[in-house]
Amino acid sequence: MLTIALPKGRIAKESLDIFSKIFDREFKFEGRGLIMEVGGFRFLNVRNQDVPTYVEHGSADLGIVGLDVIMEKGLDVIRLLDMRLGRCKISIGIKKGDELDWSRPNIKVATKMVNITKNYFASHAVGIEIIKLSGSIELAPLIGLSDIIVDIVETGNTMRENGLVVAEDIMDSSAHLIANRNSYYAKKREIISLYEELNRVVKNG
Ligand code: PRP
């Protein structure tokens, strides 16, 4: 049996829809259930940020998680397939009309993605001070907590509705299938066969 950690919400549903398509049966978490066994697979319904933890520890053989989370956590996992779900960008946001002097020391950046932010600004030799938040990042520059933000942009609505604009894009992200290293070797045949099915559906729709 393969155990697969899915991030709660829309990506879990879209991932399970792909499984339904492949195996021609229903894959669906009932009510508030966090674990489901169907057709030789066990699915775990976990928080987005926790998917890699289950996979790294081997409690899940496979997981589906955003590339942004993989990069942020610097994970030691095998990246198998871009699922082409949950596409978004990680971008720098600034208040509309604000001009930032990038050579100024200690630009204040609010974000929940500390490592992606650090690496990006370090590679551009821009000195920053990071203000770590867990959510509602767009609020920070509005009330002077930070000069700019680094956050996920999907539709762009949250930035727009809060009077922010994208100053620069840092990276594209989408949900990826990842595998625990030991599982990959111990259950190679099962994993490759699932990978091939998923790849076929992802590529052909
Ligand atoms: C994410 C992200 C942005 C928003 C972007 O927030 O942090 O705030 O979605 O989406 P949009 O471009 O389509 O508006 P989320 O809803 O996960 O909430 P939180 O970060 O505030 O917890």
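What you are looking at is a predicted structure, and each value in this text was computed from that prediction instead of being measured. Indexing begins at 1, ligand by ligand and atom by atom, following the structure's order.
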Closest protein heavy atom (residue, atom, distance) for [atom]:
{"atom": "atom 5 (C) of ligand 1", "value": "Ile152 O, 3.2 Å"}
{"atom": "atom 22 (O) of ligand 1", "value": "Gly135 CA, 3.7 Å"}
{"atom": "atom 15 (P) of ligand 1", "value": "Lys112 NZ, 4.8 Å"}

Within ligand 1, which atoms have a heavy atom of [X] less than 4.0 Å away?
{"X": "Gly156", "value": "11 (P), 12 (O), 13 (O)"}
{"X": "Thr158", "value": "4 (C), 5 (C), 8 (O), 10 (O), 11 (P), 14 (O)"}
{"X": "Glu138", "value": "3 (C), 8 (O)"}
{"X": "Thr155", "value": "11 (P), 12 (O), 13 (O), 14 (O)"}

Open item on the list: Using 30° and 60° as the class boundaries, would you call the ring planes of Trp102 and Phe121 parallel, tilted or perpendicular?
Closed with: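 The rings of Trp102 and Phe121 lie parallel, inter-plane angle below 30°.
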
Is there a protein heavy atom at a distance of less than 4.0 Å from [atom]?
{"atom": "atom 18 (O) of ligand 1", "result": "no"}
{"atom": "atom 7 (O) of ligand 1", "result": "yes"}
{"atom": "atom 1 (C) of ligand 1", "result": "no"}

Open item on the list: Using modelled atom types and a 3.5 Å cut-off, is there a donor and acceptor pairing between side-chain atoms of Glu72 and backbone atoms of Val114?
Closed with: yes

Open item on the list: Whether the side chain of Asp50 engages the backbone of Thr53 through a donor-acceptor N/O pair (distance < 3.5 Å, no angle test) should be reported.
Closed with: no

[X] versus [Y]: any side-chain heavy-atom pair under 4.5 Å?
{"X": "Gln49", "Y": "Lys73", "answer": "yes"}
{"X": "Lys96", "Y": "Leu164", "answer": "no"}
{"X": "Arg181", "Y": "Asp76", "answer": "yes"}

Open item on the list: At under 4.0 Å between heavy atoms, is it the side chain or the backbone of Asp151 that contacts ligand 1, or both, or neither?
Closed with: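 It is the side chain that gets close, since no backbone atom is under 4.0 Å.
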
Task: Result of checking Lys108, Arg104, Lys95 against Asp147 for side-chain hydrogen bond (donor to acceptor under 3.5 Å, both in side chains) - done: Arg104

- [ ] Measure from atom 21 (O) of ligand 1 to every heavy atom in Cys88, Ser91, Ser136 and give the option owning the shortest one.
- [x]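 That would be Ser136.
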
Task: Considering all heavy atoms, the nearest Ile64-Val51 contact - done: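 Where Ile64 meets Val51 most closely, the heavy atoms are O-CG1, 3.6 Å.
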
- [ ] Treat each ILVMFWY residue as a node, draw an edge where side-chain heavy atoms are under 4.5 Å apart, and state whether Ile137 and Met159 are in one component.
- [x]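 Looking at the clustering, Met159 is in the same group as Ile137.
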
- [ ] Looking only at distances, please establish whether an N/O atom of ligand 1 is found under 3.5 Å from an N/O atom of Ser134.
- [x] no

